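The structure appears below as structure tokens.
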Amino acid sequence: MAVYTQLTTAQLQTLCEPFKLGEVVSFRGIEDGIENTTYFVDFSRDGKIEEAVLTIFEYLKSEDLPFFIELTTKLADRGLAVPCPYRTGDGEAVVHFESKAALLFPRAEGGHVTQPTADQCGQAGEFLAAMHLSHVRPPALHQVNTRGLDWMQRTAESIYQGLETAEQELVDQQFADHLQHLDTLSSLPSGIVHADLFHDNALFHDGQLSAVIDFYFSATDVFLLDVAIVANDWCWDEQNNNYDSHKLQQLIARYNAIRPITTQELSLWWLVSRVAMMRFWLSRREDELQQTGRRLKSAYQLRRRLAQLIAHPSDIAQYC
Ligand SMILES: Nc1ncnc2c1ncn2[C@@H]1O[C@H](COP(=O)(O)OP(=O)(O)OP(=O)(O)O)[C@@H](O)[C@H]1O
Ligand SMILES: N[C@@H](CCO)C(=O)O
């Protein structure tokens, strides 16, 4: 469904030629993605197989990519489990298919988990803390968050009339609280965050985190937002419609052991957890209402979680 750009073997060979990885011996399109077209491509050179992943960008342009290339390269250099793009002989990472930009990555071992365990939630916490600490190391990177408050307000406004009354009430309540605490929120520790670390953007091999992918929403924002995104997706117990306390404890405690969460961050967790839920509920709801053609993920699930967090504010202080 998400192989938006169809390629032949010859087209793939031409596109990937500058990377000098050899002859394309097999490839297949990956149906998983929403934003981009992804192919697994195997190259053969001197009898050795190199397994790679080609991402063709359906929305991002080549001028948008240098930040993501620098970020993934920096994180990989710091020893984090992040695939960073191959470079051509000229040191370029971006190639083009017709008007679309593309990057080629080494294929990481492992696969997705459908239901992360508490230990895997802890590993995600350790990854995030290490990534956030790397912010202070050069190169200094900055990127505006295109899914921040402005985007949320514009999106909510554009779909507001199509929302149910209960949804409109959630939107009104969430923005009222967000705007009321804007100054304190903006003063939380910040830097480059992944901003989309759902469990389908992580791979595990033999139980260990082998790759974090899909940095295309990464931007400068408060670090706690990343922790909340993982908590809201990896640690949610659908049956009880609340966080699984053991998973949340592992995420928070193991993050906190590497990058201690400040008192100010703890005091705003109730709000940041809601901001994180709101951002993804809105993008999924917009996709549903505006029939953007992207593969749909359940918006209702996140609306239910947001309502729960508004009715029963969450606290993580006991896990630190
Ligand atoms: N470096 C990699 N190594 C192994 N598998 C990968 C790698 N990069 C991507 N994949 C696989 O390809 C799939 C689609 O890639 P990706 O998540 O980048 O697409 P997307 O369209 O941006 O997805 P979404 O918008 O849903 O997050 C991933 O779910 C993963 O299974
Ligand atoms: N992770 C997003 C999809 C866009 O990357 C979601 O689950 O809604």
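First listed ligand is number 1; within each ligand, the first listed atom is number 1. Everything quoted here is computed from the prediction, not taken from an experiment.
Checked by distance only, ligand 1 and Tyr216 stay at 3.5 Å or farther apart across all their nitrogen or oxygen atoms. At under 3.5 Å, not a single nitrogen or oxygen of Asp200, backbone or side chain, sits near a nitrogen or oxygen of ligand 2. Inclusion of Ser283 in the set of residues having an N or O under 3.5 Å from an N or O of ligand 2 is not warranted.
At a cut-off of 3.5 Å, with distance as the only test, a side-chain donor of His132 or Asp226 sits close to an acceptor on the other residue. Side chain to side chain, Asn232 and Tyr243 meet the donor-acceptor criterion of an N or O pair below 3.5 Å. For the 3.5 Å distance criterion, the side chains of Lys100 and Thr5 qualify, holding a donor opposite an acceptor.
Looking only at heavy atoms of the protein, atom 4 (C) of ligand 2 is closest to Asp196 OD2, 3.8 Å. When only non-hydrogen protein atoms are considered, atom 7 (O) of ligand 2 lies nearest to Arg284 NH2, 2.7 Å.
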Atom pairs and distances, donor-acceptor, side-chain atoms in residues 313-320, under 3.5 Å, two or more places apart:
unit_1 : atom_1 : unit_2 : atom_2 : d
Ser314 : OG     : Trp269 : NE1    : 2.8
Asp315 : OD1    : Ala317 : N      : 3.1

Can you give the donor-acceptor pairs under 3.5 Å from side chains of residues 7-16 to other protein atoms, not counting sequence neighbours?
unit_1 : atom_1 : unit_2 : atom_2 : d
Thr8   : OG1    : Gln11  : N      : 3.1
Thr8   : OG1    : Gln11  : OE1    : 3.3
Gln11  : OE1    : Thr8   : N      : 2.9
Gln13  : OE1    : Val24  : N      : 2.7
Gln13  : NE2    : Glu17  : OE1    : 3.4
Gln13  : NE2    : Gly22  : O      : 3.1
Thr14  : OG1    : Ala10  : O      : 2.9

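A 4.5 Å side-chain heavy-atom check between Thr37 and Glu58 finds at least one atom pair inside the cut-off. Side-chain contact check for Gln174 versus Met277: every heavy-atom pair is 4.5 Å or farther apart.
No close placement of the Phe105 and Tyr86 rings is indicated, their centers lying 6.0 Å or farther apart.
Listed by number with element, the atoms of ligand 1 under 4.0 Å from a non-hydrogen atom of Arg107 are 3 (N), 4 (C). Every atom of ligand 1 with a heavy atom of Pro83 under 4.0 Å away is listed here by number and element: 1 (N). Ligand-side atoms of ligand 1 in range of Ile213: 8 (N), 9 (C), 10 (N), 17 (O), 28 (C), 30 (C), range being under 4.0 angstrom from any heavy atom.
Contacts with ligand 1 closer than 4.0 Å are made by no heavy atom of Thr37, backbone or side chain. Residue contacts with ligand 1, taken as heavy atom pairs separated by less than 4.0 Å, do not involve Thr55 at all. Only the side chain of Phe40 comes within 4.0 Å of ligand 1, counting heavy atoms alone; its backbone N, CA, C and O stay farther away. Heavy atoms of Asn36 found under 4.0 angstrom from ligand 1 belong to the backbone as well as the side chain.
Compare Gly111, Ala211, Ser210, Pro106 by their heavy atoms: the one nearest to atom 1 (N) of ligand 1 is in Pro106. The heavy atom nearest to atom 3 (N) of ligand 1, out of those in Cys84, Ala108, Pro85, Ala52, is found in Ala108. Scanning Thr38, Val3, Val82 for the heavy atom closest to atom 12 (O) of ligand 1 points to Thr38.
Within the structure, the closest approach of Tyr216 to ligand 2 does not fall below 4.0 Å when heavy atoms are considered.
Remark: the backbone N or O of Ile261 is paired with a side-chain donor or acceptor of Asn256 at under 3.5 angstrom. Ser44 places no side-chain N or O within 3.5 Å of a backbone atom of Ile49 that could act as its donor or acceptor partner.
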